[in-house]
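Input: a single structure, listed below in structure tokens.
Everything numeric in this text was worked out from a predicted model, so none of it was measured. Below, all heavy atoms of this structure are taken into account, side chains as well, without hydrogens, waters or symmetry copies.
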Amino acid sequence: MTTAKLMPQGQVGRSVHRLESWAKVTGRAEYTHNLRLPGMLHAKIVRSTVPHGRIKSIDASAAANVPGVHAVVTAEEIRKLIPHPYYGPAFHDQPILAIDKVRYAGEPVAVVLARDPHVAEEAARLVTVDYEELPAVYDEVEAARSDIYVHEELKPAGTFPDLKHLAGVRNTNVALDYKLVRGDVDQAFVEADHVFEHEFTTQQVMHTPFEPMISLAEPSGAGLTIYTASQSPSFVRIEIARLLGWPENRVRVKTGHLGGGFGAKLYIKLEALAAALALLVHAPVRVALTMEEQFYTITKHPTTFRIKSGVTKDGRIIARRCDVWWNGGAYADIGPRVTQKSGFTAAGPYDIDNVYLESAAVYTNRPPAGALRGFGIPQLVWAYESHTDLIARALGIDPLEIRRKNILRNGRPQATGTIMVDAAIEEVLERTAARLNWSAPFDRGTGRIRRGRGLAIGFKASVVPTTSMAIVNVSADGSCTLYSSTVDMGQGSDTAMAQIVGEVLNIPAESVRVVRPDTDVTPYDMATLGSRSTFHMGNAVRLAAEDAKAKLAALAREVGEPEQTNLPIPALFRKKYGMQAGNVIGVGSFIPPYQSPDHDTGLSENVTPFWMIGATGVEVEVDTETGHVKVTRMVNVADLGKPLNPRIVETQLSGAAIMQLGFTLSERMEFVAGQLTNPTLADYKIPSFHDVPAVIENEAVAAEQRTGPFGAKGVGESATFGLSPAVANAIEDAVGVRVTSLPITPEAVYRAMRAAQNNPLEDE
């Protein structure tokens, strides 16, 4: 792996082993899933069997009579405790348990509580619900225009400053419609030598964290403690307090290590249900989902993306129109923010003077969709980089050359009007091409197996506005503790933050203890999402460490030590207090600048504190008799500023790309009339070791984010951006056919080849 030059003798730039690695490999790491509390009850959820219907009655008598059942709870009981039991980060639209009607098959309707989880599961099967079925809508484009409404009224939560403009409305399934208008796109289409228009779709998929979602709630005196595998403990505390009408200090949220999250464990998922149940029965309650139940809880947005470009005869893009529909399912979750933030970059990493863009979040009668690694960007890059390749091939221009002609460079405005700064888009593109040896001849084969190669590049505007806070505590013996609510769910953030503290205080990162998120102990952080922690929390940690360093310097002056003293920290404290005593507390907070987009044009001078850039190049083999595609080589190149920990950066890039490989080639939630038919890992195919390319190469280009902590910025999503279109581009390079819907299954490739031969397969 090639990385930027490491900082000599510093903590930043070292490939420090993850601080928690020993605890994990010896089985001592604390996961919420392993927690058991005295007197704990297990909850089993009864789920809707219809995709859209009014609840006429619920009969829980048979379940309640099962020996060992403690209680059966419906929305009626919940409302006695919480009169308005609706939650959600963007809209307060999701009831803790369904009220009056259900909006998707699999929605929680009732809960059985028992000491034995098997008893609870058996009894849950005995709860019967009588529904009046209603017409349903599943497709995002159809739903945007339908008079079948998933919600009678849309009620924005008003949580985020950038969504404050949303208003409560009726008679629509469109939760948010972001528009961007730059230049005169219609006139530019008239002036263009060529106009190309395509449509691309993506499918509904699941996050698949191997630690399923889990929350335990325990009444504790005048308050409540929630143990939860959450990516956003600070948000959970605020939202639970709001639901209960309590001050925040009566709610404590603790988070252990997470066995993956990828966006599935953001905001509130099970915590509101666990809290309500625990307070109703006055006992600890454990709500733990099976892998199957996760399919019904949160997913990735399916999308339809129509893209139209006006191009000069030499391949210069002068106009682009983008229409994107995001299928948010029955509840908005964070979908409106995904729609807006990703919408900023839907026109691609290109310098285009005339852009018109609409990005709409739409309710349907499917399981809810939210954030999933990439925050909407992979769906967009899939479309605009497939489209770019199609334009290049139609004009007879090399796919790399057309990107070079149009690539966005530093100092130029992006479609929103925000000037590109510290964005190594060109370097990432060139390094990807160089590693693929793009200009050299490529053996495409002549027999049954054909070979091809492709590349694609994408970028992302980081999530803002957000707030992060950190505390660094230097004890009298010189040891150091970091308090931060960033959640390490496997990405190595605890280690990176310790490296920042070590760099500032000139101590080994391994000697810094990082306290896991506990809202009674660790300060506020908006959430761990969107590759924001390295930049946002990293800056807060750096400021906290610098504050501690300044206070240590003041302490040295106070005890008569000269400037730049090298007196050990314990000696400083002994000189001050006459014994080993005292602390120095450094605090830091970070809020990056941001300017909300103009309501009418979507333009802004500052939509993001930094740009994430990632490209992927692949080589594939296509079996012309079966349509099977094998990725034989994968090259991931990213601009992540200066890597804080090169080894962790490399594993982040590999992990992200392999995850996206599943979304590209195999993963898809299958529905029949709103009913999910493959909610098991036996039928829903994530990549196995046999699917991982034999050759994976990762590279961080030499770059610096000047506003980042020691020049760093986010990395965890970069390798998800370009993979899907790179594979589609490589398939066309190999066998001359284009697949425009994900996943690219062998059947899809084979059908496309047969259609290209004027011998199409019959539909089933």
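For the residue pair Trp611 and Ala461, the shortest heavy atom distance occurs at CZ3-CB, 3.8 Å. Taking every heavy atom of both residues into account, Val487 and Pro517 meet most closely at CG2-CG, 3.9 Å. What you find for Arg337 and Val464 is that their closest heavy atoms are NH2-O, 3.5 Å. Minimum heavy-atom separation, Val472 to Ala545: CG2-N, 3.9 Å. Smallest separation of non-hydrogen atoms from Phe91 and Ala332: CD1-CB, 3.7 Å. Here the closest heavy-atom approach between residue Pro336 and residue Leu163 is recorded as CB-CD1, 4.4 Å.
Salt bridge Asp333/Lys269: present, at least one basic N to carboxylate O contact under 4.0 Å. We find that Glu218 and Lys254 are not joined by a salt bridge, their nearest charged nitrogen and carboxylate oxygen being 4.0 Å or further apart. A salt bridge links Arg252 to Asp518: one of the charged nitrogens lies within less than 4.0 Å of a carboxylate oxygen. Looking at Arg242 and Glu239, a side-chain N of the basic residue comes within less than 4.0 Å of a carboxylate O on the acidic one, giving a salt bridge. Ionic pairing of Arg516 and Asp494 is present here: one or more N-O contacts between side-chain nitrogen and carboxylate oxygen are shorter than 4.0 angstrom.
Annotation: side chain of Ile226 is in contact with side chain of Ile240 (closest heavy-atom distance under 4.5 Å). The closest side-chain heavy-atom distance from Tyr86 to Leu243 is not below 4.5 Å. Residues Ile591 and Thr466 fail the side-chain proximity criterion, which asks for heavy atoms closer than 4.5 Å. Residues Pro378 and Phe663 have side chains not in contact (no heavy-atom distance under 4.5 Å, counting atoms from C-beta outward). Looking at Leu644 and Gln11, their side chains never come closer than 4.5 Å, going by heavy atoms from C-beta outward. Between Met612 and Ser531 there is a side-chain heavy-atom pair separated by less than 4.5 Å. Counting heavy atoms from C-beta outward, Thr608 and Val463 have side chains that stay 4.5 Å or more apart. With contacts defined as side-chain heavy-atom distances shorter than 4.5 Å, the pair Val584/Lys549 does not qualify.
How far CD1 of Ile658 is from CD1 of Ile686: 11.5 Å, rounded to the nearest 0.5 Å. Atom OG of residue Ser718 and atom CZ of residue Arg373 lie 9.5 Å apart, to the nearest 0.5 angstrom. How far NE2 of His536 is from CG of Asp525: 9.5 Å, rounded to the nearest 0.5 Å. Atoms CD and CD, on Gln652 and Glu717 in that order, are 9.5 Å from each other to the nearest 0.5 Å. With values rounded to the nearest 0.5 angstrom, Asn539 atom CG is found 7.0 Å from Thr707 atom OG1. Rounding to the nearest 0.5 Å places CG of Asn473 at 9.5 Å from CZ of Arg513.
Distance alone, capped at 3.5 Å, places no donor-acceptor pair between the Ser232 side chain and the Phe235 backbone. Of the possible polar contacts, none joining the Lys460 side chain to the Lys341 backbone as a donor-acceptor pair under 3.5 Å is found. Remark: side-chain polar atoms of Thr339 are paired, donor with acceptor, to backbone N or O of Gly335 under 3.5 angstrom. Looking only at distances, a side-chain donor or acceptor of His207 sits under 3.5 Å from a matching main-chain atom of Ala371. No donor-acceptor pair under 3.5 Å is formed between the side chain of Thr519 and the backbone N or O of Ser234. A donor-acceptor pair under 3.5 Å links the side-chain atoms of Ser604 to the main chain of Gln595, judged by distance alone. Although no hydrogens or angles enter the test, the distance criterion places a donor-acceptor pair under 3.5 Å between the side chain of Lys713 and the main chain of Asp422. For Arg237 (side chain) and Val251 (main-chain N/O), a donor-acceptor pair under 3.5 Å exists by modelled atom type. Checked by atom type and distance alone, the side chain of Thr486 never pairs as donor or acceptor with a backbone atom of Ser484 at under 3.5 Å. Under the 3.5 Å distance criterion, the side-chain polar atoms of Ser533 are left unmatched by any main-chain donor or acceptor of Leu529.
Checked by atom type, the side-chain pair Asn698/Ser654 shows a donor-acceptor distance below 3.5 Å. For Asn645 and Gln499, the side-chain atoms include at least one donor-acceptor pair closer than 3.5 Å. If you check the side chains of Glu271 and Thr228, you find a donor sitting under 3.5 Å from an acceptor. Looking at Ser485 and Thr522, their side chains do bring a donor and an acceptor atom within 3.5 Å of each other. Between Asn327 and Tyr363, the side chains place no donor N or O within less than 3.5 Å of an acceptor N or O (distance only, hydrogens not considered). Ser479 and Asp477 share a side-chain donor-acceptor pair at under 3.5 Å. Remark: the Arg286 side chain and the Ser215 side chain contain no N/O donor-acceptor pair separated by less than 3.5 Å. If you check the side chains of Thr418 and Asn606, you find no donor sitting under 3.5 Å from an acceptor.
No option in Met497, Glu546, Met469 other than Met497 meets the side-chain contact (heavy atoms from CB on, under 4.5 Å) test with Val541.
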Begin from the C-alpha positions of Ile214 and Leu289 and carry the test side chain to side chain contact (heavy atoms under 4.5 Å, CB included) through to its verdict.
CA-CA 6 Å; Ile214 168 78; Leu289 299 190; over 6 Å; no

For Tyr178 and Phe344, what are the C-alpha separation, side-chain angles and deciding distance, and is it a ring pair (Phe, Tyr, Trp, His ring centres under 6.0 Å)?
CA-CA 9 Å; Tyr178 168 74; Phe344 294 157; 5.4 Å; yes

Could you give me the CA-CA distance, side-chain angles and deciding distance for Thr255 and Thr32, then say whether side chain to side chain contact (heavy atoms under 4.5 Å, CB included) is met?
CA-CA 7 Å; Thr255 298; Thr32 306; 5.5 Å; no

Check step by step if side chain to side chain donor-acceptor pair (under 3.5 Å) holds for Gln231 and Thr528.
CA-CA 5 Å; Gln231 296 175 230; Thr528 305; over 6 Å; no

Yes or no on side chain to side chain contact (heavy atoms under 4.5 Å, CB included) for Glu605 and Thr416, after CA distance, side-chain angles and deciding distance?
CA-CA 8 Å; Glu605 293 182 357; Thr416 59; over 6 Å; no

Show the numbers, then the answer: is there a side chain to side chain contact (heavy atoms under 4.5 Å, CB included) between Leu273 and Ile45?
CA-CA 10 Å; Leu273 177 60; Ile45 297 171; 3.9 Å; yes

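Between His257 and Tyr31, the ring planes lie tilted relative to each other; the angle falls in the 30° to 60° range. Phe610 and Phe535 have tilted rings, their planes meeting at an angle from 30° to 60° on a 0 to 90° scale.
Applying the 6.0 Å contact sphere to CZ of Arg28 captures no more than 12 heavy atoms from other residues, nucleotides or ligands. Within a 6.0 Å radius of NE2 in His33, more than 12 heavy atoms belonging to other residues, nucleotides or ligands are found. Applying the 6.0 Å contact sphere to CH2 of Trp22 captures no more than 12 heavy atoms from other residues, nucleotides or ligands. When the shell of 6.0 Å around NZ of Lys551 is examined, it contains more than 12 heavy atoms from other residues, nucleotides or ligands.
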